[in-house]
Amino acid sequence: MTLRLFNTLTGQLDPLEPADGKALRMYACGPTVYDYGHIGNFRTFLQVDVLRRFLLLSGMRVRHVMNITDVDDKIIRNSLEAGIPIGEYTARYVKAFFEDMEALRIQRPEEIARATENIPQMVALVEKLAAAGAAYKTEDGSWYFRLAAFPEYGKLSKKDLSGMEDGARVDVDEYEKDSARDFALWKAAKPGETSWETAIGNGRPGWHIECSAMAMEYLGESLDLHAGGEDLMFPHHENEIAQSETATHKQFARHWMHVRFLLVDGRKMSKSEGNFYTPRDLLLRGFKASAIRLALIAVPYRRQFNFTFDSLTDATNAIDRLRTFRARLTAGNFATGENSAIQEAAKKTAGEFRDALDDDLNTAEALAPVFELVRAGNTAIDQGQFFAGDRDAILPLLEDFDAVFDVLEDRDAEATRRALEWAKETGRMADVAPELLAAQSLTDEAIETLVAERTAAKKARNFARADQIRNELAEKGVVIEDSKDGVRWKRK
RNA sequence: GGGCCGGUGGCGAAGUGGCUAACGCGCGGGUCUGCAAAACCUGUAUUCGCGGGUUCAAUUCCCGCCCGGCCCUCCA
């Protein structure tokens with residue numbers, strides 16, 4: 001089976017495969033670095049990461065390009081207000097973006113393309129469009145794409161623009177356009193604003209041109225897949241198609257993937273509603289990076305996901321269950337042999353896991369058999385019916401699971417530590433949850449010492465002291481588990 | 001106003017024209033334990049927004065209504 005992924009262009013599930021049988025060439029719209037990324041942004045990047053990882057797990061080679069929009073109206077406005085060059089302004093957010101990617105375990109694409117580093121390609125594309133009569137320059141020096149030059153406009157978002165009246169909404173700055181719907185390819189420089197002196201004039205790129213130019217620069221004229229948030233479908237992706245296909249007379253992207261927006265507490269996330277969160281906010285509140293990751297990917301990408309703090313707590317507990325199970329397999333001593341029921345369950349789980357992801361990346365359905373296997377495994381272990389052969393069948397399966405979900409390995413402390421450093425540097429310590437600070441005050445070494453002391457106390461049947469230590473640790477978010485294989489502790 | 005998508009248990013959700021409506025979390029009871037934690041067992045929707053219709057049979061298809069989301073302007 002190969003992955004069948006919903007294609008916005010055709011409106012159906014289409015197999016996703018490289019046209020040339022080599023690496024799948026995919027382009028995903030990345031961040032505009034005018035501020036810290038929020039969880040909505042990251043839901044999109046995470047879902048694309050799930051796609052990427054599943055393709056790799058399926059044995060496909062992938063060439064994945066993501067852009068960083070580091071010049072646009074907001075960036076220019078904000079950097080002017082701050083009185084610093086745009087490069088300096090965006091540097092902070094680019095750095096933060098990569099930190100967040102790492103915290104959330106988003107794999108780095110093969111290529112990260114920055115708009116400001118690909119201006120010549122954009123200029124060349126505008127020139128090509130001008131030569132074809134599809135681009136025109138207005139009196140102020142801006143360039144526009146002539147929508148009339150592309151009759152197929154609207155095919156992605158299924159919009160019929162033929163009946164749209166010109167002139168309904170004409171931007172003050174754009175009064176020279178031939179048609180109200182024509183969009184900017186190149187914006188003429190305004191006094192004080194960052195600009196590039198080029199063959200088509202002094203100015204800066206329009207928003208849409210960068211993705212067309214960079215996608216073609218790094219992936220060729222025809223892509224296997226183009227992905228982004230659902231809001232980008234129109235006009236951004238529609239405009240990319242118009243520009244690219246007019247210039248090349250080739251299909252720009254065969255497959256289009258759009259990730260659904262999330263809701264927060266049942267409402268649209270927005271700063272004015274007070275329900276706007278960045279991953280960093282959540283880390284400072286004491287949530288784990290892995291929980292944020294799982295919460296944002298456990299609901300399939302075409303479904304609306306209602307994000308709440310509870311959903312993070314749920315994800316935390318679910319991850320705990322998986323990690324505890326894996327630790328049980330790794331640490332336990334199992335007799336040689338195998339339990340045929342477990343062997344079969346493992347085989348079934350592997351198949352169901354892949355089938356679910358093959359079916360339009362149904363992450364929710366892929367998770368179910370994994371948890372069922374966890375229960376079957378735990379039950380067998382409790383009954384003494386679990387053997388080394390069963391462990392050897394399940395561990396690789398968990399590896400495959402984690403190749404996509406990537407939540408089993410505990411790297412949460414590192415992400416949290418980074419977030420705290422950032423809070424310190426930027427004066428946000430007031431936002432840090434007190435419980436998190438309490439937990440941070442305790443080093444791993446200190447915990448080990450206390451745990452050892454408790455074990456000794458237990459041995460001496462001094463339960464009062466043992467419980468005292470356990471409570472002390474619990475107050476700082478450390479939970480102790482006694483078992484036949486020794487004592488295990490973890491930070492909640 | 002127009003186009004598109006969705007409304008399933010306490011919460012997040014999967015799913016299907018007819019088998020006991022996944023899975024996770026939570027909660028109640030039990031086993032294990034010095035007590036816990038973990039793990040396991042068990043109970044947690046006779047029912048899938050509301051009202052009609054089609055059908056032998058609908059949560060699943062159709063129509064209407066209500067509610068939420070996305071787009072139609074910058075936005076993951």
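Reminder, nothing fancy here: chain letters follow the sequence lines and each chain counts from 1.
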Is it the case that the side chain of A:D281 and the backbone of A:T278 share a donor-acceptor pair, with hydrogens and angles ignored and the cut-off at 3.5 Å? yes

Quick one: are the ring centres of A:F145 and A:F183 less than 6.0 Å apart? yes

Per the atom types in the model, does the base of B:G26 pair as donor or acceptor with the side chain of A:D310 at under 3.5 Å? no

Whole-angstrom distance between B:U60 and B:U55, as gauged at atom P: 16 Å

Which nucleotide, B:A39, B:C35, B:A76, lies nearest any side-chain atom of A:R321? B:A39

Given the P atoms of B:A57 and B:G29, what is the spacing between them in whole Å? 44 Å

Just checking A:L232: base, sugar-phosphate only, or nothing, at a heavy-atom cut-off of under 4.0 Å? sugar-phosphate

Rounded off to whole Å, could you give me the NE2-to-P distance for the A:H237 and B:C70 pair? 18 Å

Which nucleotide in the set B:C5, B:C25, B:C70 lies at the smallest distance from any side-chain heavy atom of A:K268? B:C70

With rounding to whole Å, what would you report as the distance between B:A14 and B:C48 at their C1' atoms? 12 Å

Have a look at A:E372 and say if it touches a base, only the backbone sugar-phosphate, or nothing, with a 4.0 Å heavy-atom cut-off. sugar-phosphate

Considering only the C1' atoms, how many Å lie between B:A13 and B:G26, rounded to the nearest integer? 14 Å

If you round to the nearest 0.5 Å, how far is CZ of A:R43 from CG of A:D49? 14.0 Å

Would you mind classifying the nucleic acid contact of A:T324 as base, sugar-phosphate or nothing, using non-hydrogen atoms under 4.0 angstrom? sugar-phosphate

Measure from the side-chain heavy atoms of A:K74 and tell me the nearest of B:C74, B:C23, B:U73. B:C74

Earlier contact from the 5' end, RNA chain B, for A:N317 and A:K490: A:N317

If we take the P atom in both B:G64 and B:C11, what is their distance in whole Å? 29 Å

Given Watson-Crick or G-U pairs with both distances under 3.5 Å, what dot-bracket string fits RNA chain B, with | for other-strand pairs and [ ] for crossing? (((((((..(((.....[....)))((((((.......))))))....(((((..]....))))))))))))....

Within 45° cone and under 6.0 Å: A:R293 NZ/CZ vs A:F405 ring: no

Decide if the gap between the ring center of A:H237 and the ring center of A:H226 is smaller than 6.0 angstrom. yes

Rounded interatomic separation in angstrom, taking CD from A:Q385 and P from B:C40: 16 Å

Separation of B:A76 atom P from A:M66 atom CE, nearest Å, is 13 Å

For A:V479 and for A:D314, locate the closest nucleotide of RNA chain B by heavy-atom distance; then report the residue assigned to the nucleotide nearer the 5' terminus. A:D314

Using a cut-off of under 3.5 Å, enumerate the N/O to N/O pairs linking the protein to nucleotides 13-15 of chain B.
from, atom 1, to, atom 2, distance (Å)
B:A13, OP1, A:N306, N, 2.5
B:A14, OP1, A:R303, NE, 3.2
B:A14, OP2, A:R303, NH1, 3.2
B:A14, O3', A:N362, ND2, 3.1
B:G15, OP1, A:N362, ND2, 2.8
B:G15, OP2, A:R303, NH2, 3.0

Which value, in whole Å, describes the distance between the P atoms of nucleotides B:C65 and B:A58? 24 Å

Regarding A:Q343 and A:D390, do their side chains bring together a donor and an acceptor under 3.5 Å, going by distance alone? yes

What is the nucleic acid contact for A:H236, judged by heavy atoms within less than 4.0 Å: base, sugar-phosphate only, or nothing? nothing

Under 6.0 Å from the six-membered ring centre of A:F98 and within 45° of its axis: does the NZ or CZ of A:R108 meet both? yes

Taking only the side-chain heavy atoms of A:F234 (C-beta and beyond), determine which of B:C23, B:C71, B:C25 contains the nearest atom. B:C71

A:E238 side chain to A:G154 backbone, donor-acceptor under 3.5 Å: yes

For A:W207 and B:C75, is the shortest distance between a side-chain N/O and OP1 or OP2 below 4.0 Å? yes

How would you list all residue pairs meeting salt bridge (charged side-chain N to carboxylate O under 4.0 Å, His left out) that involve residues 460-470 of chain A, not counting sequence neighbours? A:E453-A:R465, A:D467-A:R470

Could you check how far CG of A:D382 sits from P of B:U42, rounded to whole Å? 13 Å

Between A:E344 and A:K348, is the closest basic N to carboxylate O distance under 4.0 Å? no

Separation of B:U73 atom P from A:E238 atom CD, nearest Å, is 13 Å

Separation of A:L373 atom CG from B:C40 atom C1', in whole Å? 15 Å

Can you tell me if A:K158 has over 12 outside heavy atoms packed within less than 6.0 Å of its NZ? yes

Among the nucleotides B:A76, B:G69, B:C25, which one has an atom lying closest to any side-chain atom of A:L263? B:G69

Base, sugar-phosphate or nothing for A:E481? Non-hydrogen atoms, less than 4.0 Å. base

Does A:F261 lie flat on the base of B:A76, that is, centres under 5.5 Å apart and planes under 30° off? yes

Is there, by distance only and without an angle test, a donor paired with an acceptor across the side chain of A:R43 and the base of B:A76 below 3.5 Å? no

Taking the same atom, C1', in B:C27 and in B:G69, what whole-Å distance lies between them? 31 Å

Phosphate oxygens OP1/OP2 of B:C74: is one of them under 4.0 Å from a side-chain N or O of A:R77? no

Is the distance between the ring centroids of A:F309 and A:F287 less than 6.0 Å? yes

Assign A:K458 to base, sugar-phosphate, or nothing according to its heavy-atom contacts below 4.0 angstrom with the strands shown. base

Does a nitrogen or oxygen in the side chain of A:T379 sit under 4.0 Å from OP1 or OP2 of B:C41? yes

Could you state the CG-C1' distance from A:D467 to B:U33, rounded to the nearest angstrom? 12 Å

Whole angstrom value for the distance that separates C1' of B:C25 from NZ of A:K492: 11 Å

Is the shortest side-chain N to carboxylate O distance from A:R326 to A:E409 below 4.0 Å? yes

Taking B:C35, B:C40, B:U73 as options, the one with an atom nearest any side-chain atom of A:N378 is B:C40

A:R454 has a side chain; which of B:C35, B:C25, B:A38 sits nearest to it? B:C35

A:F371 side chain, from C-beta outward: closest of B:C23, B:A36, B:C5: B:C23

Measuring only the P atom in each nucleotide, how far is B:U16 from B:C61? A whole number of Å is fine. 10 Å

